[in-house]
Amino acid sequence: MADSILTLKNLSVGYDEPLITNINVEVFPGEIIAILGPSGIGKTTLIRTISGLVRPLSGSFELKVEKRGGLGYIPQRLGLVRHATVAHNVSLGARTRIGFSLNMWKERSQRTMEALRMLGIADKSNEPVRRLSGGQQRRVATARTLAQRPQLMLADEFLGELDHSNVEIVFKAVQTLVENGTAVIMVEHHDDNAQLFATRIWNIKDDTLEDLSLEQWNNRSHGGEEE
Amino acid sequence: MKYRLFAIIFILLFLAWNTLNGLIEGDWGRLEGGFENLSVFFSESMWPPNWSVLEARSYPVCESDIEFFCSVGYIGMMETIKIAFVATILGFIGALFFSSLAARNLVPLYVAIPVRILLSATRSLPSLIWAILFVIVIGFGPLSGVLAMTFYTVGYLGKLQYETFEGMANDSLEASRAMGLSRSSILLNVVIPENSNHLLSQLMFMFEYNVRHGTVIGIVGAGGIGYYISTYLKFLQYEKVFALLILIFVVVVIIDLLSMMVRSFVNDEGDVRRPTWLNLILTPKEK
């Protein structure tokens, strides 16, 4: 098995008070992990901690990705530049991974258009993001990560507001990243999406993270229904 | 809630009245006859405005076919507009540099605080004092005006800009930081485009402000229409001063309309209904 790209050791996350304590898990390339749990339990805080935006309360985590562009992050409010065009937003992803060279403009542009086409929004490339619907904006945020090609993608409820066909378009695009070794950690509210796409589930209950395979999660869910 | 708002406004008005009363030591008698004095001064000295300021000067000889282009009003106003334009552009770029180093969400506190102090120092001298300083250092003329306005613009716009940056939604900053974009790239590609509506508004406001203040700094010899206003004031030609003030007012209104048009390209309202030149003045009928 490949080396892990993320290792959490006795990690506790939260702001003043710990929300989730004593997390010990590893993430490997190509995995898709869905974080499930009720609202306010610390799912967002956990991925914000992994992305380096919040300090851990205790314990540590080791992130083995490139400093520049190795980590892709789609926050709950998407983090788009509303007054800039769709193409500008998506090119920000490409910008992090393509260094200075004579061809950099061409490469950025190619990668941007490729991502836009994959998400079905190439015709919107010159429109300001603020004019797009919520669902289209989610596709722009996904395209930005696609153009970035990170080693680890963190996404906070990025499938919300999308109808079923759009969920499939977005996830097909994410799948191309996964096939190239990107690991995905996504906060999800819908168990259906988690079951369709995830390979592992991090179920957060009280202040504990349970690391479950999809099979274990399914067994537990069905078992729960039978009860 | 409504009563609380009224109560706050009442308390503020009372405080203002009480402070004013202290300042004038309760001598409200000064206001007696004030309105009458104003109306006499206006009707006898300022009215009607003397529009000869828009006619060609007798010296130097006008070489243009259109007399207006050789008038005091046009020459003075154009010089003021040029001074304001150059100072606003230079000041805006300088302010962007300093404000990006003063916004607490963009740089650490130990960088932001000294830069804020520097901006406060620049702003604490009014443009008139800057103009006097530069007239002493460089001499009379538009260059002193440009430098005076540029320094003041950096201080003034710098504060408006860093407060705008600090008020922006955090999610786009967080996403770009997590992605590994450099500080300069975040500023150029995220912060500036995201705040473009406010930045344009501030830029246009500052241009208008500098045009208006061009009249003041001209008085101390820093060029522009203020030089002529100061001359007419010395010779008690108030009706010519009034004509020039009307000219300044018209230019300020035009700049305001221009600002509305420019900002419509970067705000949500402009997406729905971008104003035409005509309906900037006349409200369009609802369909």
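Chain letters run A, B, ... following the sequence lines, proteins first, then strands; residues in each count from 1.
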Asker: Is the shortest side-chain heavy-atom distance between A:R144 and B:M179 below 4.5 Å?
Answerer: yes
Asker: Give me the atom names and distance for the closest heavy-atom approach of B:L181 to A:R95.
Answerer: CD2-CD, 3.9 Å
Asker: Compare all side-chain heavy atoms of B:P193 with those of A:H83 and state whether any distance is below 4.5 angstrom.
Answerer: no
Asker: Compare every heavy atom of A:Y73 with every heavy atom of B:A178, then report the nearest pair and how far apart it is.
Answerer: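 Closest pair (atom of B:A178, atom of A:Y73, distance): CB-CB, 3.7 Å.
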Asker: Report which part of A:L78 has an atom under 4.5 Å of a heavy atom belonging to chain B: side chain, backbone, both, or neither.
Answerer: backbone
Asker: Going through the distances and angles, do B:V190 and A:L92 end up as a side-chain contact (heavy atoms from CB on, under 4.5 Å)?
Answerer: CA-CA 9 Å; B:V190 178; A:L92 290 179; 3.9 Å; yes
Asker: Which heavy atom of A:L53 sits nearest a heavy atom of B:E174, and at what distance?
Answerer: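 Shortest heavy-atom contact: CD1-CB, 3.6 Å.
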Asker: Under a 4.5 Å heavy-atom cut-off, does chain A meet the side chain of B:S185, its backbone, both or neither?
Answerer: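 Only the side chain of B:S185 comes within 4.5 Å of chain A.
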Asker: Got more than 12 heavy atoms from elsewhere within 6.0 Å of NE2, B:H198?
Answerer: no
Asker: Tell me, for A:P75 versus chain B, whether the close heavy atoms (under 4.5 Å) come from the side chain, the backbone, both or neither.
Answerer: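 Answer is side chain: those atoms of A:P75 sit under 4.5 Å from chain B.
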Asker: Return the option, out of A:Q76, A:R48, A:K67, with the maximum number of heavy-atom pairs under 4.5 Å with chain B.
Answerer: A:R48
Asker: Got a sec: does the NZ of A:K64 have more than 12 other heavy atoms crowding it under 6.0 Å?
Answerer: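 Yes, enclosed.
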Asker: Please determine whether the number of non-hydrogen atoms from other residues, nucleotides or ligands lying under 6.0 Å from atom OH of A:Y15 exceeds 12.
Answerer: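 Counting other residues, nucleotides and ligands, OH of A:Y15 exceeds 12 neighbours.
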Asker: Measure the spacing between CG of A:L80 and CD of B:E194 and express it to the nearest 0.5 Å.
Answerer: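 That separation rounds to 9.0 Å.
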Asker: State, to 0.1 Å, how close A:T96 and B:G180 come at their nearest heavy-atom pair, and which atoms those are.
Answerer: CG2-C, 4.4 Å
Asker: Check the surroundings of atom CZ in B:F134: do more than 12 heavy atoms from other residues, nucleotides or ligands lie under 6.0 Å from it?
Answerer: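 Count over threshold, so yes.
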Asker: As an exercise, state the distance from CZ of A:R68 to OG of B:S182, rounded to the nearest 0.5 Å.
Answerer: 5.5 Å
Asker: Within the supplied structure, the quantity of interest is the number of heavy atoms (other residues, nucleotides, ligands) at a distance under 6.0 Å from B:F85 CZ; does it exceed 12?
Answerer: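 Check fails, neighbour count at 12 or below.
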